[in-house]
Amino acid sequence: MISDRENAKTIAKLCWYTGKRSVETLAWYLEIDEDEVESIIGSDEHLAAIEELIRTRPNRKPVSIKDWWGKEWKNKPSAFARRMMLSETEASELIEKILRSL
């Protein structure tokens with residue numbers, strides 16, 4: 001059985017690389033219940049997986065995180081939140097945490 005941590009990483013990667021997916025599609029892909037997907041989204045494991053993607057900057061040019069955020073998402077944080085299946089509050093708190101740590 002795959003752990004919630006691994007499923008959280010997969011959900012984060014699918015959202016990061018392909019854009020927002022439906023809970024139904026993610027459940028089908030991961031072969032778990034939709035309720036399980038919903039419990040993973042926004043969890044500590046999911047947020048950690050997104051943070052790892054931001055910090056390692058896969059699939060984008062090697063620019064600083066601040067430059068990336070400013071160019072790609074600063075003026076549309078709600079779009080980033082939707083893409084990563086987070087609330088705007090969760091996304092803002094995560095980005096603020098990362099930017100403060102730089």
J.: So which atom in Ile98 and which in Leu102 form the shortest heavy-atom distance, rounded to 0.1 Å?
T.: O-CG, 3.3 Å
J.: Which pair of heavy atoms, one from Phe80 and one from Ala91, lies closest together, and at what distance?
T.: CD2-CB, 4.3 Å
J.: Using a distance-only test with no angle check, is there a side-chain donor-acceptor pair under 3.5 angstrom linking Glu24 and Ser22?
T.: no
J.: Determine the minimum heavy-atom distance between Pro77 and Lys74, stating which atoms define it.
T.: CD-O, 3.3 Å
J.: Please determine which of Arg21, Glu36, Glu38 meets the side chain to side chain contact (heavy atoms under 4.5 Å, CB included) test together with Leu26.
T.: Arg21
J.: Provide the closest heavy-atom pair for Arg55 versus Ser101 in the form atom of the first, atom of the second, distance.
T.: NH2-OG, 2.6 Å
J.: Taking the cut-offs as 6.0 angstrom to the six-membered ring centre and 45 degrees off its axis, would you call Lys66 and Trp69 a cation-pi pair?
T.: no
J.: Do the side chains of Val23 and Leu47 join up, straight or via other hydrophobic residues, at under 4.5 Å, putting them in one cluster?
T.: no
J.: Any chance you could measure Ser39, atom OG, to Asn7, atom CG, to the nearest 0.5 Å?
T.: 9.5 Å
J.: Quick one: pull up CD in Glu51 and CG in Asp44 and give me the separation to the nearest 0.5 Å.
T.: 11.0 Å
J.: Do Tyr17 and Val37 belong to the same hydrophobic cluster, where Ile, Leu, Val, Met, Phe, Trp and Tyr are linked whenever their side-chain heavy atoms lie under 4.5 Å apart, directly or via other members?
T.: no
J.: Hey, could you give me the CD/CH2 distance between Glu52 and Trp16, rounded to the nearest 0.5 Å?
T.: 11.0 Å
J.: How about Ile2 and Leu30: do any of their side-chain heavy atoms sit closer than 4.5 Å?
T.: no
J.: Which atom pair, heavy atoms only, marks the closest approach of Met84 to His46?
T.: O-CE1, 3.3 Å
J.: I need the Ile50 CD1 to Lys13 NZ distance, nearest 0.5 Å.
T.: 13.0 Å
J.: Working to the nearest 0.5 angstrom, can you tell me the gap between Ile95 CD1 and Ile54 CD1?
T.: 3.5 Å
J.: Side chains of Asp67 and Ser64: donor-acceptor distance under 3.5 Å anywhere?
T.: yes
J.: Tell me, please, which residues at least two apart from Ser87 pass side-chain hydrogen bond (donor to acceptor under 3.5 Å, both in side chains).
T.: Glu90
J.: Where do Met85 and Ile41 come nearest, in terms of heavy atoms and distance?
T.: O-CG2, 2.8 Å
J.: Heavy-atom count check: over 12 atoms from other residues, nucleotides or ligands less than 6.0 Å from Arg5 CZ?
T.: no
J.: If you count the non-hydrogen atoms of other residues, nucleotides and ligands that lie under 6.0 Å from CG in Leu99, is the total more than 12?
T.: yes
